[in-house]
Amino acid sequence: TLAENERTCSFCGGRLEEWEGQTEDSEEITVVEVSYKVVKHRRQKYRCQCDTQVVTAPGPDKLIPGGRYSVELAVHVAEKKYLDHMPLERQVRAMERRGLLTDSQTLWDQKKALADHLQPTYLALCERALSAKVILADETYWKLLGAKNETCRWWAWCVATEDTAAYRIITSRSARSAEKLLGGYEGVIMTDGYGAYQSLARAGPKIILAHCWAHVRRKFVEAEDAYPDLSQQAVELIGRLFEVERQLPRLTPGMSDEERRDALDTRARVRNEQSRPVVKQLLEWAVAIEGRVLPKSKMGKAVAYMLKLWEGLTRFLDDPRVPLDNNGAERAL
């Protein structure tokens, strides 16, 4: 608002009165910094006239019984560490600048207590993911700082479904690790061509592998520098499969049983009418050029990769539940 001495008309000298309901608004982005407060909880005591029983009202829930730190502070520490990759020692210094004196061991205790509290939820998510009849699986490396300040790799494995993504950090990318993640699973697993999944499928008949067309497409894109014409032909044919998929109804968690049946029927019909001829054309094309390219060239390896996984790549034609790719798992990672 205008100061009193500025409320004079520059033309007639009269007083400027407030124009009700009329303002000129603008936005400004500012910073409201985190602050740390000591909150005192006063718990009322009650007693009976017989002077035999005294009852105290309960206090707020604590991650650590009798602890001095709130659940909100534990979540704040975990957010900074895992979403912003901010080490605990750096958090300690940031907190000190804002008036909170603590140490990294205390912050570690808070996030450990939070992890213990969330463990049943995490296990339930893993169980929910592995209860689906069709899952997407993928893995990526996870850097680990060793005891001798040497960076080595662990692996983050992901299992994704229509509504769930569950993760495991395992020390290797071996078939044994795949068994640790997926052992006992019964259903369809959509993966790339990594051999650990194939070893798992060979170990028992309860796992059916479906393979990812996005990974096949990537192989042909990488071969463009040596075989541009052949690369374009393969990418265009695979692109037609994805064009068909974009027309199909998506399977979503909120569907009723009837809606899901209708969606699956539509997917099966359209894929049979439109995708199957393209897949047949792709196979004929691959067989025709297989002997025309160098086996160890990028194009030769791309063709060999596709033909080796052909059974899993065509699984989607006979099972409408199966997606065309496992990009859902890649996005989750």
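Remember, predicted model here, so these are calculated numbers, not experimental data.
- The nearest pair of heavy atoms linking D325 to L136 is O-CD2, 4.2 Å.
- Two residues are said to be in side-chain contact when any heavy atoms from C-beta on lie closer than 4.5 Å; E139 and R168 fail this criterion.
- Looking only at side-chain heavy atoms (C-beta outward), I64 and Y69 stay at 4.5 Å or farther from each other.
- Distance check, rounded to the nearest 0.5 Å: CD of Q274 to CD of E245 gives 10.0 Å.
- With contacts defined as side-chain heavy-atom distances shorter than 4.5 Å, the pair K111/Y82 qualifies.
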Distance-only check: which donor-acceptor pairs under 3.5 Å involve side-chain atoms of residues 185-194, not counting sequence neighbours?
unit_1	atom_1	unit_2	atom_2	d
Y185	OH	A132	O	2.8
Y185	OH	K133	O	3.1
Y185	OH	V188	O	3.4
E186	OE2	K206	NZ	3.3
D192	OD1	Y194	N	3.0
Y194	OH	R173	O	2.2

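- Distance check: F242 CZ to N327 CG gives 6.5 Å after rounding to the nearest 0.5 Å.
- No path of Ile, Leu, Val, Met, Phe, Trp and Tyr side chains, each step under 4.5 Å between heavy atoms, connects L107 with V75, placing them in separate hydrophobic clusters.
- In this structure the side chain of W157 never reaches within 4.5 angstrom of the side chain of L182, judged on heavy atoms.
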Let me see the working for D109 and T106 under side-chain hydrogen bond (donor to acceptor under 3.5 Å, both in side chains), right down to the final yes or no. CA-CA 5 Å; D109 293 341; T106 299; 5.3 Å; no

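- Note on V278: it does not cluster hydrophobically with V244, by side-chain heavy-atom contacts below 4.5 Å among ILVMFWY residues.
- Shortest non-hydrogen contact noted between L200 and A178 is CD2-O, 3.9 Å.
- By the neighbour-count criterion of 12 heavy atoms within 6.0 Å, atom CZ of R217 is sparsely surrounded, having that number or fewer from other residues, nucleotides or ligands.
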Under 3.5 Å, side-chain donor or acceptor atoms of residues 114-126 against the rest of the protein: list the pairs with distances, not counting sequence neighbours.
unit_1	atom_1	unit_2	atom_2	d
D116	OD1	K112	NZ	3.1
D116	OD2	K112	NZ	2.9
Y122	OH	Y167	O	2.5

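- Side chains of L283 and T314 form no contact here, defined as non-hydrogen atoms less than 4.5 Å apart.
- The two residues V71 and L63 come nearest to each other via the heavy atoms CG2-CG, 4.1 Å.
- Taken from CZ in R271 to CZ in R269, the straight-line distance is 12.5 Å, to the nearest 0.5 Å.
- Side-chain atoms of S231 do not come within 3.5 Å of backbone N or O of Y227 as any donor-acceptor pair.
- Figure legend: cation-pi geometry between R98 and Y36 absent, as NZ or CZ is not positioned both under 6.0 Å from the six-membered ring centre and within 45° of its axis.
- Residues K80 and M95 are not in side-chain contact: their nearest non-hydrogen atoms beyond the backbone lie 4.5 Å or more apart.
- Side-chain N or O atoms of T8 include none that pairs as donor or acceptor with a backbone N or O of G13 at under 3.5 Å.
- Of the charged side-chain nitrogens involved, at least one lies within less than 4.0 Å of a carboxylate oxygen, so that E4 and R7 count as a salt-bridged pair.
- Nearest heavy-atom pair, S199 versus A175, reported as atom, atom and distance to 0.1 Å: CB-CB, 4.1 Å.
- Taking a cutoff of 4.0 Å between a charged side-chain nitrogen and a carboxylate oxygen, R260 and E162 qualify as a salt bridge.
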Yes or no on side-chain hydrogen bond (donor to acceptor under 3.5 Å, both in side chains) for E236 and Q232, after CA distance, side-chain angles and deciding distance? CA-CA 6 Å; E236 285 182 356; Q232 183 178 2; 3.1 Å; yes

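- To the nearest 0.5 Å, the span separating CD on E243 from OG on S275 amounts to 10.5 Å.
- Under a hydrophobic-cluster definition in which Ile, Leu, Val, Met, Phe, Trp and Tyr are linked whenever side-chain heavy atoms come within less than 4.5 Å, directly or via other members, L251 and V270 are assigned to different clusters.
- Under the side chain to side chain donor-acceptor pair (under 3.5 Å) criterion, E259 pairs with S256, not counting sequence neighbours.
- Between K308 and Q198 there is a side-chain heavy-atom pair separated by less than 4.5 Å.
- Rounding to the nearest 0.5 Å gives a distance of 10.5 Å between CD of E96 and OG1 of T102.
- In plain terms, the two heavy atoms of V134 and R321 that are nearest each other are CG2-CB, 3.8 Å.
- Note that the CD atom of Q91 and the CD atom of E79 stand 9.5 Å from one another [nearest 0.5 Å].
- When all heavy atoms of R267 and V322 are compared, the closest pair comes out as NH2-O, 3.9 Å.
- Salt-bridge check for R93 with E89: failed, with every basic side-chain N at 4.0 Å or more from each acidic carboxylate O.
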Would you give me the side-chain donor-acceptor pairs under 3.5 Å for residues 285-303, sequence neighbours excluded?
unit_1	atom_1	unit_2	atom_2	d
W285	NE1	Q233	OE1	2.7
S297	OG	L294	O	2.6
S297	OG	G300	N	3.0
K298	NZ	D225	OD2	3.3

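- Remark: T164 engages R128 in a side chain to side chain donor-acceptor pair (under 3.5 Å) (not counting sequence neighbours).
- Under the 4.5 Å side-chain criterion, counting only non-hydrogen atoms from C-beta, W155 is in contact with Y141.
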Without placing hydrogens or testing angles, list every side-chain donor-acceptor pair under 3.5 Å for residues 48-59, not counting sequence neighbours.
unit_1	atom_1	unit_2	atom_2	d
T52	OG1	C50	O	3.3
T56	OG1	K45	NZ	3.2

